[in-house]
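Just below is one structure, and these are the notes that go with it.
Just so we're clear, the structure is a prediction, and the values are computed from it rather than from any experiment.
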Amino acid sequence: MIEIELDGKKVDAAEGSMIMHAAENAGTYIPHFCYHKKLSIAASCRMCLVDVEKMPKPMPACATPVAKGMVVHTRSEKAVRAQKSVMEFLLINHPLDCPICDQGGECQLQDLAVGYGGTHSRYEEEKRVVPHKDVGPLISMEEMSRCIHCTRCVRFGQEIAGVMELGMSHRGEHAEIETFVGQSIDSELSGNMIDICPVGALTSKPFRYSARTWELSRRKSVSPHDSTGANLVVQVKNHRVLRVVPLENDAVNECWIADRDRFSYEALNGPDRLTNPMIKQGGQWKDVDWKTALEYVAHGLESIKKNHGAASIGALLSPHSTLEELYLAGALVRGLGSENVDYRLRNAEFEADQPGARHLGMSIADLSTLQSVLVVGTNLRKDHPLFAQRVRQAARAGCAVNVVAAGAPQWAMSVANTSVAPASGWVQALADIAAAIAQQKNVAAPQDGHASDVAKAIASSLLSGERKAVLLGNAAAHHAQASRLLSLANWIGEHAGASVGYLTEAANTVGAQLVGGLPGKGGLNAAQMLGGALKAAILLNNEPQFDAAAGAEGLKGCEMVVTMSPFKTNLDISDVLLPIAPFTETPGTFVNAEGLVQSFHAVVRPLGETRPAWKVLRALADVLNLPGFAFDSAQQVLAHIHADNAGGVPAHVPAARLSNAVHAVAASQVSTAEPCVAGIYQLDSIVRRASSLQMTADARVAQTQEVTA
């Protein structure tokens, strides 16, 4: 550490760090535009000029390394005069359109101009105009005349998203930030450019001109999509969600969110919302009141139980549902005498005796510090954009990324070694890596394998370094030989000294395993239920035609199908539609991939006659006269779930309840079928209905593949 003097105070700073870092640690604010704590230093705006003693002119705080005995003044006359001069230059060409700018009220340039801008300008020449640019459905570049060339967006693409989609062309007053050759911005993290733009040059196209920032209420929430558990700030006006931005949490999502977290809110106000209970009568759908709908469902379930037995009733659950909803749905079916409960709709193999909840096996933050990693069966960049961003950070720091996949990965990061094999060959690919490790360590391999050159390279990579992991993706979890893949991964991890974990598909995959989202003894799994074994099915927050490997055909033989969803869906197979609240309209809890328990509150009131699913399940249980459902709030349900924990609701799931161990692996016939994996913008019912996301390049590719298939 080096000691410097900053505005008369002694401050310790790390050797090699900049004056800006020392000021941040000391709580001293230095005005800036191009500097961002998560990006490399550009020193292009010069707004952070400070007075350093023995230096002949002001120096940029973001690019001046600290030195022993350095004396820095951030508010001296020399520093302030320099900062005001820079502000005068920045405003030469900036348009005076604050009244119509979407950034107005939260604009860094606007804020700093108050403190450092003059009352008039010496420059009276005509301001420059930059042509409008169309870069896709998510980001608006209609007002690039506002750009101050801080290059934050360019550096974000290079360093965080991994794709340089924006760059600066020309020089001087002709300089422009643009895509090249008419390309669009297609990164799955692109919306973060809107947040880091310090002026109104890059704005949200879906939000554009919807509201002024001071009209919006800001409420905390948690993403319901992938297993990161990204922390959100949901911005609301007149009980409508109008914008979603990240809530900074370095342990989870840092200050970033994926585009599906940011823009999926469009579906919440979309035309597909189900706002009243509906019953199908004579092939026609009719709106009914809640009392009628619940009594109809209860009568149907009781009748089917009487005629066909409780084992003919089952529930198919979505791992995007809250902990409280999953628990009560399972409790309701079990209260009727059935153990047919499952959330694993896309799985091809079903473990009979799982020792604990499958999880990441490490903290999310630790992904950034890995020195070697083997990733199996995932399109990491699209399945888990924020995990990919963490692994990309590690790769930039020297981590060797090794992959077993069906094709060469396009993850916008350096990949050291790739074992390319169809899904049916992944077990053998891992066996080959295990054989190579066994050869190097002189131990017996777990099964026959060929230590090919690629396998040896991956083995050498995993045997070197200290911080390493074997990570199984969505396709590996849904694989027909998932338990064999896990068994081999565990062997590799044990002998290479690496942690082993699942990237887990959905917001509450871990939570679903913890609260009984799996069939009990003698219960049917999801494939069996979807195969036609049920007479009555309850579908909680899912659409089998999109969410299940087996599809929805097997449910057409049911006497009653009850769909609980925020949307009008499953119309061809359902008999009853019950409108339940999406994550913005209900309190709840998600457990992310690492086992972090995160609760959230409703941010707007339910739309129409929509009700939180936990209330609907409680009311249905009351009509069925089932005991144990006397809960007055979601918090009471959560407390009941954790009643055996003396400390109340834990911040993390206890380690004893998490396990990636696998019991005896049954020899299964090799399947040539591809694992069922959802596309980036087909993951859940909310994302599928977000109109802007469905116009992106990723969504168009998925739609083309569906048509071709």
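- Using a 4.5 Å heavy-atom threshold, the side chains of P137 and F263 count as separate.
- Inter-residue side-chain proximity for Y681 and T696 is flagged as met; some heavy-atom pair is nearer than 4.5 Å.
- For the residue pair N542/S318, the side-chain donor-acceptor check at 3.5 Å is not satisfied.
- The side-chain contact (heavy atoms from CB on, under 4.5 Å) search around E585 returns R273, A581, P582, V604, P606, L607, T610, not counting sequence neighbours.
- The shortest side-chain heavy-atom distance between E159 and L39 falls under the 4.5 Å cut-off.
- With salt bridges taken as basic N to acidic carboxylate O contacts below 4.0 Å, none links K568 and D272.
- Applying the 6.0 Å contact sphere to CZ of F89 captures no more than 12 heavy atoms from other residues, nucleotides or ligands.
- The shortest distance between side-chain heavy atoms of I177 and M168 falls below 4.5 Å.
- Residue Q108 holds its CD atom at 11.5 Å from CD of Q110, rounded to the nearest 0.5 Å.
- By the 4.0 Å N-to-carboxylate-O rule, D51 lies too far from R75 to be salt-bridged with it.
- Side-chain atoms of T179 and E165 form no donor-acceptor pair, as typed in the model, at a separation below 3.5 Å.
- For S190, the side-chain hydrogen bond (donor to acceptor under 3.5 Å, both in side chains) partners two or more places apart in sequence, or in a different chain, are D259.
- Between S264 and R260, the side chains place no donor N or O within less than 3.5 Å of an acceptor N or O (distance only, hydrogens not considered).
- Legend: residues meeting side-chain contact (heavy atoms from CB on, under 4.5 Å) with A14, ordered by chain and number and at least two apart, are M1, S17.
- Seen from the ring of F567, R689 counts as a face-on cation partner, given the 6.0 Å and 45° thresholds.
- Within a 6.0 Å sphere centred on NE2 of H132, heavy atoms belonging to other residues, nucleotides or ligands number more than 12.
- For residues 227-237, every residue pair satisfying the salt bridge (Lys or Arg N to Asp or Glu O under 4.0 Å) rule, not counting sequence neighbours, is listed here: E215-K237.
- Separating the OG1 atom in T74 from the CG atom in L49 is a distance of 12.0 Å, to the nearest 0.5 Å.
- Ion pair D195/R262 flagged as a salt bridge, since at least one NZ, NE, NH1 or NH2 atom sits closer than 4.0 Å to an Asp/Glu carboxylate oxygen.
- The line from CG of L166 to NZ of K133 is 10.0 Å long, rounded to the nearest 0.5 Å.
- A salt bridge is defined here as a Lys NZ or Arg NE, NH1 or NH2 lying under 4.0 Å from an Asp or Glu carboxylate O, and E173 with K127 fails to meet this definition.
- Considering only heavy atoms from C-beta on, H32 stays 4.5 Å or farther from C62 through its side chain.
- A salt bridge links E106 with R243: at least one charged nitrogen is closer than 4.0 Å to a carboxylate oxygen.
- For the atom pair OG (S76) and CD (E53), the distance works out to 9.0 Å, reported to the nearest 0.5 Å.
- Taking the six-membered ring for Trp and the full ring otherwise, the centers of F583 and F590 sit at least 6.0 Å from each other.
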Could you pull out all donor-acceptor pairs under 3.5 Å where a side-chain atom in residues 380-389 meets a protein atom, sequence neighbours excluded?
from : atom 1 : to   : atom 2 : distance (Å)
R381 : NE     : E188 : OE1    : 3.0
R381 : NE     : E188 : OE2    : 2.9
K382 : NZ     : E188 : OE1    : 2.9
K382 : NZ     : D698 : OD1    : 3.3
K382 : NZ     : D698 : OD2    : 2.9
D383 : OD2    : T378 : OG1    : 2.9
D383 : OD2    : N379 : N      : 3.2
H384 : NE2    : N474 : OD1    : 3.2
Q389 : OE1    : Q393 : NE2    : 2.4
Q389 : NE2    : E254 : OE1    : 3.0

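- Contact of the H94 side chain with the L90 side chain is not registered, since no non-hydrogen atoms from C-beta on lie closer than 4.5 Å.
- Here the CG atom belonging to N541 is positioned 8.0 Å from the CG atom belonging to D684, to the nearest 0.5 angstrom.
- H320 places a side-chain N or O within donor-acceptor distance of the main-chain N or O of H225, the cut-off being under 3.5 Å.
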Practice task
Output, in order, the C-alpha distance, side-chain angles, deciding distance and verdict of salt bridge (charged side-chain N to carboxylate O under 4.0 Å, His left out) for K38 and D250.
Solution key: CA-CA 11 Å; K38 297 291 184 180; D250 267 349; 3.2 Å; yes

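- L247 meets the side-chain contact (heavy atoms from CB on, under 4.5 Å) test with K220, N231, V233; sequence neighbours excluded.
- Side-chain contact between Q103 and L109: absent, with no pair of heavy atoms (C-beta onward) separated by less than 4.5 Å.
- Looking at heavy atoms from C-beta onward, E77 lies in side-chain contact with R81 at the 4.5 angstrom threshold.
- Here N192 contributes atom CG and C255 contributes atom SG; the two are 7.5 Å apart, rounded to the nearest 0.5 Å.
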